[in-house]
Undergrad: 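Let me give you the structure first, and then I'll get to my questions.
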Amino acid sequence: MACESALPAIMDEQALMGLNPNADACYRQRALAYFEQLKESLDGWEVCAEALAKGVYSDDHVKFFCFQVLEHQIKFRHGSRTAAQQQLIRETLMKWLQAQLMNVHPEKPFIRNKAAQVLALTFVMEYLTLWPKFFFDILNLVGLNPNGVDIYLRTLMAIDAEVVDRDILHSPEETRRNTLIKDSMREQCIPALVESWYQILQTYQHTHSELTCQCLEVVGAYVSWIDLNLIANDSHMSMEELREEACDCLFEIVNKGMDPVDKTKLVESLCQVLQSAGFFNIEQEEDVDFLAKFSRLVNGMGQSLVLSWTKLSKMGDVKVSADTLRAVEAKVPLMLQLLIHEDDDISANIVGFCYDYLHVLKQLPALNEQQKSNVEAIMLAVMNKLKYDDEYNFENEGEDEAMFVEYRKQLKMLLDRLAQVSPELLLEAVHRVFNATMQNWQTVQFMEVEVAIRLLYMLGEALPASHGAHFSGDTTKTSTLQAMMRTLISCGVSEYQHSSVTLEFFETVVRYDKFFLVEPQHIPSVLMAFLDHRGLRHSSPKVRSRVAYLFSRFIKTLHKHMNAFIEDILSRIQDLLELAPPENGFPALLSSDDQLFMFETAGVLIVNGESPAERKQALMRSLLTPLMEAFRMLLAKLPQEADEERQTALADCLSHAVGFASRTSKAFSNKQTVKQCGCSEVYLDCLQTFLPALSCPVQRGPLRSAVRSFLHRMIICLEEEVLPFIPAASQHMLKDCEPKDLQEFIPLISQITAKFKNQVSPFLQEIFMPLVIAIFETLSRPAEENDQTAALEKQMLRRSYFSFIQTIASSGMNEVMASQEAENIERVLFTIIQGAVDFPDPIAQKTCFIILSRLVELWGFLPAGQTLKLELSSGAFQELSSQRHLQTTITTELSIGATFALKEASPHPSCLWDTDPQQESCGDLPSHDVTTPPHRPWPNQSCALHGGLATWTGGDVCDWRDAIL
């Protein structure tokens, strides 16, 4: 109910204090009550109007408050106000606006936005009746004052939201009113508004970019319902300086969320404006900066139309979706012009629209002739744009080259999409381009030749086949691909003198290596290309490096067809398999990484050949003996070398030698083992050669790492034949070791343990404590408090240690730990208990609980539920387990974990062990002042452990729980 009495002429200052966001709750409550009071008052709003008109308050929140009160009056009380009161509102707004023109600093954006909303509401209420000169009054007042122009433009956007925006629901009466407003504006003031926009753009294009963008946003909002000829004319659209800004702003406009029908109308309107202004005349345009912006805008408009079509299609609106599709296709010629532009940035900007358009075509049941023509045009454009230009630097690729590589990836996406739309058309087009180029490759520029081969290569992914079986199945596809491969190999293009063509040749040969299973007669000529100046002997290091990898892949796939060429190939690549010592001063043809592929290739050839085992052994020895000889020589030099840089070079060379020998062993398999191939003796000789490096006093890190890796391979390849070498190797690797050394050594011992189990039990019993002590000593070394690297190394070593114990326990080799001295095993058990309870490392905690559960199972009872004690090879654990202090330690350290596990596990832990379904449950746990630990991802492991301990002690799990709690 309205308040009948007038409020005081001044505002409640204490209530206004509550407008501050940081005010106390009581003040905020008072401010809210005051706001309601002013809204309900007949004339309370006049106090706010006066405050705004006279600029009484400087506080932004009070100003906003005043505008809110006025907004409420205009929105809900305007019709009941007297003419004088309505006039007062108009005068207040104009006085406030006039004051803004004098302000050095404009109001905060939220104040300006609220003022614009109030002006827009006043416009809606009064334009048709009381204030037909609304726009003229404002324009006359603000002129070109930047503060005034800002409010004017914000008001225009607010009017658009009130009158035009279709996302806002209106009553039928409001809709009729809005239609009348727009009709009146078209007749009375739109030309003046358009002229004001032109003046604003012209005035502020260089000085106030934010006003320029605001103005263009207004143009984008109004362009959908005003006469386009007012905007699309020579005087308004010929400002060269503004074209780029216009494109940016219009791009933002078309990307705003809208109803699909409205979005289509907006885009079509913008296109008419832009086309009338000459923006579409791409051929005559020389400003690439503008075209880059324009192509981005066209891409946005095209993608918006595609999105509208998708939504309309899902809605089932056939007619409107068909109209939208026509709108999309009307943009295709412009899209193609931009796609084939010589500037790759301009072309790249339109790829998204192109891709989406092809996705639309893919969904259509059939393509009409125009759509097929569009597909072919896009295809030709992509093929043309894939070409390198003359300025591409193949030997020293920089930023420009990297950008072109990324651009090529985008084009590949288009090609893949083209293949989905029309695979037959793509295959035919590539075949045509490829044949035409290969017939005249000697006289064609390198970029033409490279792209022709590249297109053949790209078909492998564009037209995918299961496991690379491109030459079986569809006869049209297979015959075409075979014909192109035949041409590629026989036309002599591999002799082309450009590295890009050479690389593309070998890449394509390897991609379609299954072709040689169909036509093996081409293998010799391709092998020669790999081995001579075109491949591994090419003048470019980049080509040689890539070819080394590709040759390895080629041989792996076709090794069954290589028997006749094995020894010839090995002879031709012999110099590429030499270890390059650092002192020779000559650059090697291949890097050490490339040589890894060559040694693997040699191994594959030897192992998979049809020669008898004796011949394979001889070939493998011939391959590895030079490595061993060079290794011995360099290892003898290393300790005598005083220069550290020289030491590092020698150590790297020695590591490479070990790595090369290890890489050859990758050729062996379950069908072709080292023993079956008669090569065991060769690799045992390698072991004897490499192991002395472990005792080298310098460069221990890289040498140990290399030998460890070799031992890992030999455990797999030589199996038990490697065992005699393990004790001595382990002894050397445990001397003067760093955390990383131990961390890498433990997986080796774990691998041996898991693979050989009882065969290595005596060795493990002997090395167990030396290894454990080395780990403990390393972990106890002090480190700086903020040394994160050292902390991480220790954490990883601790995990490796627990993993090692878990491997021993899981392998059933209880005698390894049980045979240790009581004080030693107690120390180990204590660390495992600590790991389960104390360390904030979930991975280590889970491992420790698994270990403890397994140890209880091994040492306490048989897994089949029997409670018989295991007979151990040593009485150490039995003696140790009888010691009361150890039992106390176990129960004390595990009490927290037990509490958590018993509380959280489901079903109840006793259910894991009780067989009688009638047995009473343990009931609720007693209250215990223990906070649930934050890192407990292992309730199952914890329950298993506690159940096992209870069974081991011969008592019920509840009794044991009560005992420890």
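Counting begins at 1 with the first residue of the sequence.
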Undergrad: Quick one: does Ile808's side chain get under 4.5 Å of Phe768's, heavy atoms only?
TA: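 Yes, side chains in contact.
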Undergrad: Identify, with sequence neighbours excluded, every residue that meets side chain to side chain donor-acceptor pair (under 3.5 Å) alongside Glu744.
TA: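 Glu744: side chain to side chain donor-acceptor pair (under 3.5 Å) contacts with Arg708.
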Undergrad: Looking at residues at least two apart in the chain, or sitting in another chain, which of them share a ring pair (Phe, Tyr, Trp, His ring centres under 6.0 Å) with Phe725?
TA: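 Ring pair (Phe, Tyr, Trp, His ring centres under 6.0 Å) check on Phe725 returns nothing, list empty.
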Undergrad: Please tabulate, for the side chains in residues 730-740, all donor-acceptor contacts under 3.5 angstrom to protein atoms that are two or more places apart in sequence or on a different chain.
TA:
from	atom 1	to	atom 2	distance (Å)
Ser730	OG	Ile726	O	2.9

Undergrad: Check the pair Ser655 / Val658 against side-chain contact (heavy atoms from CB on, under 4.5 Å), numbers first and verdict last.
TA: CA-CA 5 Å; Ser655 299; Val658 179; 5.8 Å; no
Undergrad: Would you sort out whether Ile749 and Phe763 count as a side-chain contact (heavy atoms from CB on, under 4.5 Å), showing the intermediate values?
TA: CA-CA 10 Å; Ile749 298 299; Phe763 161 69; 4.2 Å; yes
Undergrad: Less than 4.5 Å apart, any side-chain heavy atom of Gln806 and any of Arg854?
TA: no
Undergrad: Please answer whether the main-chain N or O of Val682 pairs with a side-chain N or O of Asp685 as donor and acceptor at a distance below 3.5 Å.
TA: no
Undergrad: Please collect all salt bridge (charged side-chain N to carboxylate O under 4.0 Å, His left out) contacts where either partner lies in residues 648-674, sequence neighbours excluded, each pair once.
TA: Glu600-Arg663
Undergrad: If only atom types and distance count, is the side chain of Lys757 paired as donor or acceptor with the main-chain N or O of Ala754 below 3.5 Å?
TA: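 Between the backbone of Ala754 and the side chain of Lys757 there is a qualifying donor-acceptor contact (under 3.5 Å).
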Undergrad: Can you give me the closest heavy-atom contact between Leu623 and Pro626, atom names plus distance?
TA: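 Looks like O-CD, 3.7 Å.
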Undergrad: Measure the shortest side-chain to side-chain distance between Phe802 and Ile843 over non-hydrogen atoms and say whether it is less than 4.5 angstrom.
TA: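 No - every pair of side-chain heavy atoms lies 4.5 Å or more apart.
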Undergrad: Please list, one pair per line, the donor and acceptor atoms closer than 3.5 Å that link side chains of residues 716-723 to other protein atoms, with sequence neighbours excluded.
TA:
from	atom 1	to	atom 2	distance (Å)
Glu721	OE2	Ser680	OG	3.2

Undergrad: Hey, are the side chains of Met620 and Tyr683 touching, using non-hydrogen atoms and a 4.5 Å cut-off?
TA: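 Heavy-atom side-chain distance check passes, below 4.5 Å.
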Undergrad: Could you walk me through whether His559 and Leu605 pass side-chain contact (heavy atoms from CB on, under 4.5 Å), step by step?
TA: CA-CA 7 Å; His559 61 80; Leu605 288 169; 5.9 Å; no
Undergrad: Under 4.5 Å between any side-chain heavy atoms of Ile775 and Ile746, yes or no?
TA: yes
Undergrad: Got a sec, which residues hit side chain to side chain donor-acceptor pair (under 3.5 Å) with Gln688, two or more places apart in sequence or on another chain?
TA: none
Undergrad: Report the C-alpha distance between Leu711 and Leu687 in whole Å, list the side-chain angles of each, state the deciding distance to 0.1 Å, and finish with yes or no for side-chain contact (heavy atoms from CB on, under 4.5 Å).
TA: CA-CA 8 Å; Leu711 281 168; Leu687 266 175; 3.6 Å; yes
Undergrad: Just so I know, are the side chains of Thr625 and Met628 near enough to count as touching, which here means a heavy-atom distance under 4.5 Å?
TA: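 In contact.
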Undergrad: Taking the side chain from Gln595 and the backbone from Leu579, do they hold a donor-acceptor pair closer than 3.5 Å?
TA: no
Undergrad: List the atom of Leu764, the atom of Met813, and the distance in Å for their closest heavy-atom pair.
TA: CD1-CE, 3.0 Å
Undergrad: Mind checking salt bridge (charged side-chain N to carboxylate O under 4.0 Å, His left out) for Glu766 and listing every partner two or more places apart, or none if nothing turns up?
TA: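 None.
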Undergrad: Has Gln647 got a side-chain atom pairing as donor or acceptor with Leu638's backbone, closer than 3.5 angstrom?
TA: no
Undergrad: Measure the CD1-CG distance between Ile773 and Asn824 for me, rounded to the nearest 0.5 Å.
TA: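 Ile773 atom CD1 to Asn824 atom CG measures 6.0 Å (nearest 0.5 Å).
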Undergrad: Looking only at non-hydrogen atoms, find the nearest pair between Ser780 and Lys794 and report the distance.
TA: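 Where Ser780 meets Lys794 most closely, the heavy atoms are C-NZ, 4.5 Å.
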Undergrad: Please tabulate, for side-chain N and O atoms in residues 690-702, each donor-acceptor pair with protein atoms closer than 3.5 Å (sequence neighbours left out).
TA:
from	atom 1	to	atom 2	distance (Å)
Ser695	OG	Pro692	O	2.9
Arg700	NH1	Pro697	O	3.4

Undergrad: Quiz question: by atom type and distance under 3.5 Å, do the side chains of Ser761 and Gln765 form a donor-acceptor pair?
TA: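 Looking only at side-chain atoms, Gln765 and Ser761 do form a donor-acceptor pair, the distance falling under 3.5 Å.
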Undergrad: For Gly678, is there any backbone N or O sitting under 3.5 Å from a side-chain donor or acceptor partner on Gln617?
TA: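 Answer holds: yes.
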Undergrad: Is there side-chain contact between Met714 and Val674, with at least one heavy-atom pair below 4.5 Å?
TA: no
Undergrad: Within the 3.5 Å criterion, strictly below it, is a donor on Ser591 or Asp594 matched to an acceptor on the partner's side chain?
TA: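 There is such a pair between these side chains.
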Undergrad: Run through Ser665, Ser705, Ser662 and flag the one making a side-chain contact (heavy atoms from CB on, under 4.5 Å) with Phe710.
TA: Ser662
Undergrad: With sequence neighbours left out, what residues match Thr753 under side chain to side chain donor-acceptor pair (under 3.5 Å)?
TA: none
Undergrad: Test: ring-ring contact (aromatic ring centres under 6.0 Å, His included). Region: residues 771-791. Which pairs qualify, not counting sequence neighbours?
TA: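 Residue pairs passing ring-ring contact (aromatic ring centres under 6.0 Å, His included), neighbours aside: Phe776-Tyr801.
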Undergrad: Between Asp841 and Arg799 (salt bridge meaning N to carboxylate O under 4.0 Å), is one present in this structure?
TA: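 Looking at Asp841 and Arg799, the cut-off is met.
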Undergrad: By ring pair (Phe, Tyr, Trp, His ring centres under 6.0 Å), which residues pair with Tyr549, not counting sequence neighbours?
TA: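 Partners of Tyr549 under the ring pair (Phe, Tyr, Trp, His ring centres under 6.0 Å) test: Phe597.
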Undergrad: Could you tell me whether a side-chain N or O of Ser819 sits under 3.5 Å from a main-chain N or O of Val816, the two making a donor and an acceptor?
TA: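 The answer is yes, because a donor-acceptor pair under 3.5 Å joins these two groups.
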Undergrad: Going by ring-ring contact (aromatic ring centres under 6.0 Å, His included), name the pairs with one or both residues in residues 642-662, residues two or more places apart or in two chains.
TA: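 As it turns out, the ring-ring contact (aromatic ring centres under 6.0 Å, His included) pairs with a partner in residues 642-662, which skip direct neighbours, are Phe599-Phe660.
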